[in-house]
Number of protein chains: 2
Amino acid sequence: MKQTARAAEDGLKLSAWLPYRLFLVAAQIARPLESFYSETFGLSQAGWRILAVIAERDAANASEIGRACALDPFAVSRGIGQLTELGFAVRRPGKTDRRFAAVSITRSGRAAFNRIAALGSAIEARLLARLSDGERATIDSALTRLEAESARIDAGGWRALLDDASAP
Amino acid sequence: MKQTARAAEDGLKLSAWLPYRLFLVAAQIARPLESFYSETFGLSQAGWRILAVIAERDAANASEIGRACALDPFAVSRGIGQLTELGFAVRRPGKTDRRFAAVSITRSGRAAFNRIAALGSAIEARLLARLSDGERATIDSALTRLEAESARIDAGGWRALLDDASAP
DNA sequence: CATAGTGCTTGCACTTTGCAAGTATATATG
DNA sequence: CATATATACTTGCAAAGTGCAAGCACTATG
């Protein structure tokens, strides 16, 4: 109870706390996109993320997908199930090791993806329009470091955070 | 199918899409914080957000809280219920209009808040340490505009987004 | 060729959410 | 002043989502 005193006293204002501000923007943007793909295609958030991942690869196994879009194996399995039911993806047993099923996008899956991606790009364009070129570059580079640091924070867990008030 | 052609063709790579990058950072940071306050105090995410809001006001009614932390009235009601059960908040009927109950934080609620805020500040400090002063300033100002623009996008809904490919 | 290990899936209990309907209070109207 | 309408939540319940133990299919290893 030494180095945390400042934070304990002045409080932390939610609306000025960087992580909350990032969350707010992300959440406000996710809402219209999500209502689009869920109303239009009956897709869940996990389903959409997996669709986006298999759209940029010819085939992927479940753990690759999980890594690429930050979903646990259960969610991936269920998401793939949803996509195959909708006819947006197919599972083929892997060639060499048949534990790894290769998931790939179908023609109609790609069509759906393109429509959602168009909306996603429209949203991104609206956001980027509010920023100067310099700001875009700064944010792009800063975000790369923030992604890395937040991954480390996540991996360490909260116990590590309270200890290392002394650590670098 | 003119202005959306680019997006439709080249795809939109999830890992390079600004909203997803913001979401990733926010999600990775939320995880350790959430496991801390849920393990330690049995608080839900909504509960924590409400606690943070009432920590910086002497009293608030449910709709104020909802506006301040982007929660719908149901979630607010349940969150307040949780906080009062935990002894972290009290509801008093409003003085003039008794439909508006005034919610305020208790002594032990503030104690809990301070401990969570300390962890939150530690996380923020780790993130900010990865950025230069200039970057912090840029991000602060850019984020203000992104918050406003994403609120507009959210309010408009997805239909508005597909039409106004021509609008400013 | 039994044993252990990996990658993924299923079932089931538990939690969270969304929404219709309800309560309590306040204001407006005949 | 009774009644209607509006506001500000609150509750109950069904639907959806999540977490986890156990299971299945397959491969690697002694």
Pair Arg21(B)-Ser15(B), side-chain donor/acceptor within less than 3.5 Å: no
Report the distance from atom CG of Asn61(A) to atom C1' of dT6(C), rounded to the nearest whole Å. 12 Å
NZ/NE/NH1/NH2 to OD/OE distance under 4.0 Å, Glu34(A) and Arg31(A): no
If you look only at pairs with a residue in residues 92-111 of chain B, which of them pass as a ring pair (Phe, Tyr, Trp, His ring centres under 6.0 Å), with sequence neighbours excluded? none
Mind listing the closest non-hydrogen atom pair of Glu124(A) and Leu18(B) along with its distance? OE2-N, 2.9 Å
If you measure only the distance, is there a donor-acceptor pair under 3.5 Å linking the side chains of Thr40(A) and Arg115(A)? no
Within residues 68-83 of chain A, which residues have any heavy atom lying less than 4.0 Å from an atom of DNA chain D? Asp72(A), Phe74(A), Arg78(A)
Judged by modelled atom types alone, do Arg145(B) and Ser141(B) share a side-chain donor-acceptor pair under 3.5 Å? yes
Quick note, side-chain hydrogen bond (donor to acceptor under 3.5 Å, both in side chains) partners involving residues 73-87 of chain B, not counting sequence neighbours, are Ser44(B)-Gln82(B)
Between Glu39(A) and Arg159(B), is there a salt bridge with N-O shorter than 4.0 Å? yes
Tell me whether the rings of Phe41(A) and Phe88(A) are parallel (<30°), tilted (30 to 60°) or perpendicular (>60°). perpendicular
Considering only heavy atoms, which members of residues 40-53 of chain B lie under 4.0 Å from some atom of DNA chain D? none
Checking Arg57(B) now: which residues fulfil side chain to side chain contact (heavy atoms under 4.5 Å, CB included) with it, not counting sequence neighbours? Val53(B), Ala60(B), Glu64(B), Ala68(B)
What is the distance, rounded to the nearest whole Å, between atom CZ of Arg31(B) and atom C1' of dT18(D)? 14 Å
Enumerate the residues from residues 88-100 of chain A whose closest heavy atom to DNA chain D is under 4.0 Å, giving them by residue number; use none for an empty result. Thr96(A), Asp97(A), Arg98(A), Arg99(A)
